[in-house]
Protein chains: 2
Amino acid sequence: MTNQAFEAHDHRSCIAEGVASAAQICTERNLQFTKTRQRVLEILLSEHRAMGAYEILEQLRAEGLGSQPPVAYRALEFLTKNGFAHRIERLNAFIACSHLDNAHAPVFLICRSCDRVVEAEADPAQGEIGRAARQAGFVVERAVREAEGLCPACAPAA
Amino acid sequence: MTNQAFEAHDHRSCIAEGVASAAQICTERNLQFTKTRQRVLEILLSEHRAMGAYEILEQLRAEGLGSQPPVAYRALEFLTKNGFAHRIERLNAFIACSHLDNAHAPVFLICRSCDRVVEAEADPAQGEIGRAARQAGFVVERAVREAEGLCPACAPAA
DNA sequence: AGTGCGTATGATATAACGTATCAACCCCAT
DNA sequence: ATGGGGTTGATACGTTATATCATACGCACT
């Protein structure tokens, strides 16, 4: 990751590429990339930020794709389970994966000022969680690593 | 931390020591360790597990210490802000701090089978979050590091 | 074609978590 | 004594998440 990660960019290609990659992976793994699931991923990709489930649901509702909470939560469960999106625990919100290509061990940097979230990848076995787990004889299935603070753009102002 | 961390133990002393330490720290820092705050800490210490705010509230209510959500949330805010308790983001729950003595950079190991939570301490600047943040020019104010998986007691059964 | 199975959807209800707001109170320092 | 900061009481509301039951659809097997 570079400083660019927090900077504005044209991400029309993010959406197209993200959906295409996801579609391909679903084909390879025999997963059903249904309309609602695809649309939720598109929404996450196009907003390019962490979104609450109900915020996503509003868009689905406006498009006639379902209006009840389980609709959004089911799609999000599918997307997160398969690595197409991630849940940000700190925000109770979701964001499209920005590293669809690699293995998944995301670290999130959450700016409390502009609300942007950047995803980095880092092997959890190498870090403090891995060390603590080994010492305790604990088997890690999922590692949550989220930092809250100020991004390069917002830090100077503060 | 050792393997003992996940094992049963008599923790009557945890409660007494925890409350005493907290009381002393409050005195030193001119913080008001009010009845409700102390009681919430005691509840967390005696249950020795992650508890939801409403679960704590039930106990307070039973004891006539307040019955509305803000009562619990205010006490929990005080306790977490001052390091006497921690919020487990993954669980939307709270747990008493088990390292009142040291500086605070907790890592939590959450067993999905028995629901026990163990707190370890590790400098965040050294790990993956620190590295990712430095690369991105991000200023970390709070780091969430939580691992979900199986504790030594539950792993063999699975 | 008919049956059974797994997966996905639709729909309703409710649980669980969290906060805004305003008034009252209390201590204590000026 | 009084004014201000912190604490409490109380009401209401907003947000996030899941349980449950019913229905539909694709697909494999006979």
Side-chain angles (χ1 to χ4, degrees), chain A residues 22-23 26-27 29-41 43-44 49-82 84-95 112 115 144 146 148, chain B residues 22-23 26-27 29-41 43-44 49-82 84-95 112 115 144 146 148:
Chain A
C26 285
T27 301
R29 300 186 196 161
N30 270 315
L31 300 172
Q32 299 185 39
F33 199 42
T34 64
K35 187 162 184 169
T36 304
R37 291 168 178 179
Q38 173 170 341
R39 190 64 195 117
V40 170
L41 180 57
I43 291 169
L44 285 173
R49 62 188 174 88
M51 299 179 76
Y54 279 67
E55 201 179 351
I56 293 166
L57 182 58
E58 265 179 42
Q59 289 216 29
L60 293 179
R61 180 179 292 139
E63 298 170 13
L65 274 173
S67 61
Q68 300 305 320
V71 172
Y73 280 101
R74 283 166 182 161
L76 288 166
E77 184 187 1
F78 172 86
L79 294 174
T80 54
K81 196 168 83 180
N82 294 292
F84 303 139
H86 300 291
R87 177 180 168 81
I88 310 292
E89 300 293 341
R90 180 70 184 119
L91 303 176
N92 291 341
F94 302 84
I95 193 166
R112 69 165 162 81
D115 290 326
V144 174
E146 300 171 357
E148 191 175 8
Chain B
C26 285
T27 302
R29 300 186 196 162
N30 268 315
L31 300 172
Q32 299 184 38
F33 199 41
T34 64
K35 185 163 189 170
T36 305
R37 291 170 179 176
Q38 172 170 342
R39 189 66 194 117
V40 170
L41 180 57
I43 290 168
L44 285 173
R49 61 187 174 88
M51 300 179 74
Y54 278 65
E55 202 179 351
I56 293 166
L57 183 57
E58 265 178 41
Q59 290 216 29
L60 293 179
R61 180 179 292 138
E63 301 170 12
L65 273 173
S67 60
Q68 300 306 319
V71 172
Y73 281 102
R74 284 167 182 158
L76 288 167
E77 185 188 1
F78 172 86
L79 294 174
T80 54
K81 197 168 82 180
N82 294 293
F84 303 139
H86 299 292
R87 176 182 169 81
I88 311 291
E89 300 292 340
R90 179 71 183 118
L91 304 176
N92 290 342
F94 302 83
I95 194 167
R112 68 165 163 82
D115 290 327
V144 175
E146 300 172 0
E148 193 174 7

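The model shown is predicted, which means the values in this text are computed figures rather than measured ones. Each chain gets a letter, A, B and so on, in the order its sequence line appears, and its residues count up from 1.
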Q.
Distance check needed: D/dG26 P versus A/Lys35 NZ, whole Å only.
A. 15 Å

Q) When only distance counts, do a donor and an acceptor, one from the side chain of A/Arg74 and one from the base of C/dG10, lie under 3.5 Å apart? A) yes

Q. Charged N to carboxylate O below 4.0 Å: is that the case for B/Glu146 and B/Arg90?
A. no

(Q) Less than 4.5 Å apart, side chain to side chain, heavy atoms only: is that true for B/Val40 and B/Val71? (A) no

Q. What is the distance from CD1 of B/Ile56 to C1' of C/dC17, rounded to the nearest Å?
A. 12 Å

Q. Between A/Gln32 (CD) and D/dC25 (P), how many Å, whole number?
A. 13 Å

(Q) With a sphere of 6.0 Å drawn around CD of A/Glu63, does it hold more than 12 non-hydrogen atoms of other residues, nucleotides or ligands? (A) yes

Q: Assign each of A/Phe78 and A/Gln68 to its nearest nucleotide of DNA chain C by heavy atoms, then name whichever residue's nucleotide is nearer the 5' end.
A: A/Phe78

Q: Round to a whole Å and report the spacing from CD1 of A/Ile88 to P of D/dT16.
A: 14 Å

Q) Between B/Glu89 and B/Arg87, is there a side-chain N and carboxylate O pair less than 4.0 Å apart? A) yes

Q) The side chain of B/Ala53 lies closest to which of these nucleotides: D/dT8, C/dG18, D/dA12? A) C/dG18

Q) Within this structure, what is the CD-to-P distance between B/Glu55 and C/dG18, rounded to whole angstrom? A) 13 Å

Q: Look at the side chain of A/Pro70 and decide which nucleotide, out of D/dA12, C/dT12, D/dT7, has an atom nearest to it.
A: C/dT12

**Q.** Integer-rounded Å distance: C/dA8 P and A/Leu76 CG
**A.** 15 Å

Q) With nearest nucleotides of DNA chain D determined for B/Pro69 and B/Leu65 from heavy-atom distances, which residue corresponds to the more 5′ nucleotide? A) B/Leu65

Q. Any idea which of C/dG18, C/dA8, D/dA10 is nearest the A/Arg37 side chain?
A. C/dA8

Q: Give the rounded distance in Å between these two atoms: CZ of A/Arg90 and P of C/dC17.
A: 16 Å

Q) Which whole-number value in Å describes the distance from A/Leu57 CG to D/dT15 C1'? A) 12 Å

Q.
In the structure I gave you, are the side-chain heavy atoms of B/Arg49 and B/Glu55 within less than 4.5 Å of one another anywhere?
A. yes

Q: Look at A/Asn92 and C/dC17 and indicate whether a side-chain polar atom (N or O) is within less than 4.0 Å of OP1 or OP2.
A: no

Q: Taking only the side-chain nitrogens and oxygens of B/Thr34, find out if one of them lies under 4.0 Å from OP1 or OP2 of D/dT8.
A: yes

Q.
Whether B/Tyr73 contacts C/dG18 is assessed here as follows: a side-chain N or O lying under 4.0 Å from the phosphate OP1 or OP2. Is that the case?
A. yes

Q.
Counting only side-chain nitrogens and oxygens, does A/Arg87 get under 4.0 Å of the OP1 or OP2 atom of D/dT16?
A. no

Q) Under the 3.5 Å rule, do the base of C/dG18 and the side chain of B/Tyr54 count as making a donor-acceptor pair? A) yes

